[in-house]
Protein chains: 2
Amino acid sequence: MMTQRVTLKTIAAKTGFSITTVSRGLAGYSDVSPRTKQIILEAAEVLGYYPNLTARQLQKQSTDTVGLILPAQGPRFSDPYFSAIIAGIGDELAQHDMDLLLSKHPPGPKELSAYRRMVEGQRVDGLIVIRTRKQDERISYLSSTSLPFVVFGRSDLDIDFPYIDEDSEVGFFQLTTYLLSQGHTRIGFISGPDNLMFANFRFDGYCRALQEAGLTCDMEYVVRGDLTRKGGEKAARQLLLLAPRPTAIIATNDLMAVATVSVAREKDIKIGEDLSVAGFDDIPPSDYLSLTTMRQPTYEIGRRLSNMLHQLIKGNPLEDRHVLLKPEMIVRNSTCPPRSY
Amino acid sequence: MMTQRVTLKTIAAKTGFSITTVSRGLAGYSDVSPRTKQIILEAAEVLGYYPNLTARQLQKQSTDTVGLILPAQGPRFSDPYFSAIIAGIGDELAQHDMDLLLSKHPPGPKELSAYRRMVEGQRVDGLIVIRTRKQDERISYLSSTSLPFVVFGRSDLDIDFPYIDEDSEVGFFQLTTYLLSQGHTRIGFISGPDNLMFANFRFDGYCRALQEAGLTCDMEYVVRGDLTRKGGEKAARQLLLLAPRPTAIIATNDLMAVATVSVAREKDIKIGEDLSVAGFDDIPPSDYLSLTTMRQPTYEIGRRLSNMLHQLIKGNPLEDRHVLLKPEMIVRNSTCPPRSY
DNA sequence: TGTCTTTTCCAAAACGTTTCGGATATCCTA
DNA sequence: TAGGATATCCGAAACGTTTTGGAAAAGACA
């Protein structure tokens, strides 16, 4: 039962050829005669040979694997964002016969050592970094390395690296402007963690829209959230206590916008009548709840990131080293002109 | 800039000791004197040595990696189920300093060759199989192998393997019985793909409850779904056209239950008044929508699966080789006694 | 017949690690 | 001071693959 592993050596012993010839035969080199190649292939077949990928990796000094470390904590990824990006990355990698080495670490020192492990332990040929932060140490570390990597999101570091990002600033500028055009003047904002790049961009877009409309960004109407549903609820509650109450609330992500909807319902405030609510991401529940939002094609971004990385690994030049996508505004029933009262 | 890789050989050359001694010094063996160990550690430090994990894997014949192949298709995982399980697996593996090798393949021949690649290419020390199917070829394949694996879900094969599963049959028996006790007699059912084990179990529970209540399982009130939102909508539409209309609808998963809610809303059928709706899983949107459902602790199951696998890999005996969890009924506002009309 | 290709094969080195089985030197004990 | 124990080190083999640089045999050409 405990059959010995079958390696090139096994085939060599069985066929009488050398390990070299067996290897080259299987690889299809032209310096092995058709007849012996045939013999070797048959032997491999009957013995059930499968190459040891680890040995091959060691010899070839490449792993056909890319690494992804999810900067998440807790039992559920904070939102469907991670699922979509993993799906995109996974599908694209499968096309190139590459594997994905996945870890999950909340930001912190253990996260960075997970990167070091992948990079310096030479476990991967490249890395994908997602959800960029201010002064992102992952990026400064990786750029000190010669390993290829691509990033979802921009950074405030003075480092050039290949990335894809959605233009969050323009997205929220557009969304805020839309609400202003409907007549809203008191627009509450639920922000995200200050160290996340996209959270800042989104806030910036909101502010700029207000300013260009001649309004000032009243910090009383800006409440910090943490992108989770719980944090969103807390922030929404706080905003809804303000007097005068905001007529619209924008949340940095859909998850918190959804939370705002629940809180409003609980207080018998009618969404899309007494209160407008909007978010960013267009996650599945937003659709059910008819939430106005900015859509970003996370799955496609995942695919594109993989593809870029694959090019880099192969040593090909990148057609676009920096990609900035425009998010699309999806207007649903959660937004309307303010009730004049 | 293109600094040479630093290996044991580099340290050996620099310190004047042999590769063997360097290796043993770093590993902390007692047959290297404290002074030379000190020298070696310092040299490793200044040179920035990091062991090549691939080489180590080859030598040790183990990878400290487990494989997971997501049986999913399309841009988004069909539901938050996959996210939660990946999170659980990832967190638990991190505790044991193991990595996760992830692929994504829809069921089919390419899926199986992805398994073969991981197993026969010796890329992983063990595998986790999720979402079991009838006559699941992944399981029969893996059990023909000597590689450890654990499974989320039971199977109809005559093979013994370690698994964790939730008792879907009992879960839906309980849920259906609850609805019957509220007075419902026409309970529609949105089933799942026939080849998925859990979908069958859930349907069985539904049927058994009807039968024990003296009712028959009228197949007109059972419509096939595919676990996605779209499929759920189609099925719900079909059920709501029946005359007499069902007073309650149970869906095989929450995603389709959520879809049922949207369809009903669209038709101005009030959920929790004119129609009761319930699902299975307790995904986040269910909470927002106040959907009655059966909760299964997917994250914890992921953790536990990892843990079981880790024990198997270490060669430890398993305390529980077969775990069957009871799902918890979460009653929310989407269910109520039928309107008597 | 002798040289020159071409065909077909293989030994050995390499990738970077760990481990086995000594070897040498030092120390203690009687 | 001979004996054995102990401390410290290392060469070589092994993990399984690919590649380099020939070697041997066969064929082509003069």
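Letters go in sequence order (proteins before strands), and every chain restarts at 1. Being a predicted model, the structure only gives us computed values, none of them experimental.
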Value in whole Å for how far the P atom of C:dT7 lies from CZ of A:Arg35: 17 Å
Under 30°, 30 to 60°, or over 60°: which ring-plane class applies to A:His96 and A:His310, parallel, tilted or perpendicular? parallel
For the side chain of B:Ser33 and the base of D:dA7, is some donor closer than 3.5 Å to an acceptor across the two? no
Determine the contact category for A:Asp31: base if any of its heavy atoms lies under 4.0 Å from a base atom, sugar-phosphate if only primed atoms, P, OP1 or OP2 are that close, otherwise nothing. base
Nearest-Å distance for atom pair OH/C1', residues A:Tyr49 and D:dT18: 10 Å
Whole-Å distance, B:Gln61 CD to C:dT17 P, equals 16 Å
Answer yes or no for A:Arg138 and A:Phe149: cation-pi contact, defined as NZ/CZ to six-membered ring centre under 6.0 Å and angle to ring axis within 45°. no
Roughly how many Å is it from CZ in B:Arg24 to P in D:dA7, rounded to a whole number? 14 Å
Please work out if B:Thr7 contacts a base, only the sugar-phosphate, or nothing of the nucleic acid, heavy-atom cut-off 4.0 Å. sugar-phosphate
Once you round it to whole Å, what is the distance between P of D:dA13 and NZ of B:Lys60? 22 Å
Aromatic ring centroids of A:Tyr81 and A:Phe198 under 6.0 Å? no
Return the value, rounded to whole Å, for the distance between atom CG of B:Leu53 and atom P of C:dG16. 13 Å
So for A:Ser30 and C:dT7, does any side-chain atom that can act as donor or acceptor lie under 3.5 Å from a complementary atom in the base? no
Would you say B:Asp125's side chain and B:Asp64's backbone share a donor-acceptor pair under 3.5 angstrom? yes
Rounded to whole Å, how long is the line connecting atom CG of B:Leu8 with atom P of C:dT17? 4 Å
Short side-chain N/O contact to C:dT8 OP1/OP2 from A:Tyr29, under 4.0 Å: no
Output, in order, the C-alpha distance, side-chain angles, deciding distance and verdict of side-chain contact (heavy atoms from CB on, under 4.5 Å) for B:Val66 and B:Ile313. CA-CA 10 Å; B:Val66 320; B:Ile313 290 172; 4.2 Å; yes
5'-most contact on DNA chain C (nearest-nucleotide basis), A:Ile19 vs B:Thr20, goes to A:Ile19
May I ask you to say what B:Thr54 touches in the nucleic acid, namely base, sugar-phosphate or nothing, with a heavy-atom cut-off under 4.0 Å? nothing
Figure out the CD1/C1' separation between B:Ile40 and D:dT8, and round it to whole Å. 11 Å
I want to verify a distance call: between D:dC10, C:dT17, D:dT8, whose nearest atom is closest to the B:Thr21 side chain? D:dC10
Under 3.5 Å, is there an N or O donor on one side and an acceptor on the other linking the side chain of B:Ser18 and the base of D:dG11? no
Starting at the 5' end of DNA chain D and moving along, which residue's nearest nucleotide shows up first, A:Ser23 or B:Gln59? B:Gln59
